[in-house]
Structure formats: C-alpha cells, structure tokens
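Please read all numbers here as calculations on a predicted model, not as lab measurements. Counting starts at 1 for both ligands and their atoms, following the listed order.
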Amino acid sequence: MIRADLHIHTTYSDDSTLTPKVLVEQLAAQPFIKVAALTDHNSVQGCKLTLQLASVYPDILIIPGVEISTAEGDIVILGTEELPPEPWTVGGIVDFARENGSVSVVAHPYREYGMGDIARKYKFDAVEILNGASSASANKSARELARIMDLPGVAGTDAHKPEDLFTVYTEIHAGFDVEEILKAVKKGLVKVSPVTGSIHF
Ligand SMILES: [Zn+2]
C-alpha cells in the first residue's frame, strides 16, 4: 500500500511557486506521503527535471502527468511525459490516455474550471473526489459524480505552493511502481483521506 498526492503544480505551471527541487525535498523529508504526481498546467516540461531530482532518493516516487485545460473543464492525466495531440477536446484526451496506458481523471469537477455533469458523457478512468483546494461541498458533489459514473475516486492537494502539500492523499493498493499504481487506480483499489494533524517541516 502506498500513499500518493495525485495533483501537484510546480513552477512549470505559470501560477505555482513550488519548485521541483522543493517538492522533491519535501517528499523526501517526511515519512507519510512518498508518491507524488506532477500535473502542471498544459505542460510536461518539468517532468524530466523532477524525475531526475527524485532519482537520488530511493524512497520517493514521482508519477509524471499533466493537467490539461479544455473548453469544457480541466482534466488530469496520470502517467504521461507527453502532451495529448491538439486540439484538446475532452474525448480526444480521454482516448489519448487510454491508448497511452495513462489514467484520465476529472479534475475538481464542481470548482471553477471543473467539468461538472458534462464529465458523464465521457469514459474517464477516475474522478478527483478530494481536491485540497476545493470546498467541502464541491468535494461532496464530486463524490456523488464518481458514484453516478461508477468510477474510482482519487485525491490530490492541487498544490501551488509548498504549504499546500500534504493535506490530502490517495491510499493505493499497489507496490512502489508507477505502472502498478496506474493499474490499481483504474481498478479502483483506492481510498482517499485528509491528513490529520500537520506533517509539515
Ligand atoms: Zn490543478
């Protein structure tokens, strides 16, 4: 079993102050959450550097990914170091993820830039049901959407600065391996949870 934050922005997103270096150091410095997905806005540029920085710490794991802005709302793709082909339509991105062995996630469906009920038209792999930057009621609606769509629910902090890290996590019944983690998420071997107490350093 591993604990993962499945939604994080670094300075490769234009609205984040969290550098890949600080992300990796923070992951290494606390014992609780050791897996993090890199999901910058419309960019995979930070993946290579972050994977490289993480490689010196054997007990942390980075899942490369991206958060794509579409006209209908944001989509997180887990397990890709490539951008989907443009134009970025929801259907096209969902297909790209499936063909690529990645996982498509409806990001914060009931917040600004969320897809809301429109997500039901598409074959996503999971719904983000606990987003660290969303209100309790928006997360509750997201849980309801996951139930209606019969999809696994995942959690991510949506961190844009160091202090946003380690507030929520996804518990995944998988080994310490990106492929295993992606498969387990698709199978629904997941549970979301807030972090109780502070584990900040
Ligand atoms: Zn985000």
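Within the 3.5 Å criterion, the main-chain N or O of His108 finds a donor-acceptor partner in the side chain of Glu128. Lys34 places a side-chain N or O within 3.5 Å of a backbone atom of Leu27 that can act as its donor or acceptor partner.
Annotation: protein N, O or S atoms under 2.8 Å of the Zn ion (ligand 1) (waters excluded) comprise His7 NE2, His9 NE2, Glu67 OE1, Asp158 OD1.
In the model, Asp164 has no side-chain atom that pairs as donor or acceptor with a side-chain atom of Thr157 under 3.5 Å. Inspection of the His9 and Asp15 side chains reveals no N or O donor paired with an N or O acceptor under 3.5 Å. Tyr110 and Asn131 are not linked by any side-chain donor-acceptor pair at a separation below 3.5 angstrom, with hydrogens and angles left out of the test.
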Quiz: residues 84-103 side-chain donor-acceptor pairs under 3.5 angstrom, not counting sequence neighbours:
| from | atom 1 | to | atom 2 | distance (Å) |
| --- | --- | --- | --- | --- |
| Trp88 | NE1 | Pro84 | O | 2.9 |
| Thr89 | OG1 | Gly92 | N | 3.0 |
| Arg98 | NH2 | Lys123 | O | 3.0 |
| Arg98 | NH2 | Asp125 | OD1 | 3.3 |
| Asn100 | ND2 | Thr80 | OG1 | 3.3 |
| Asn100 | ND2 | Ser102 | OG | 3.2 |
| Ser102 | OG | Gly79 | O | 3.0 |

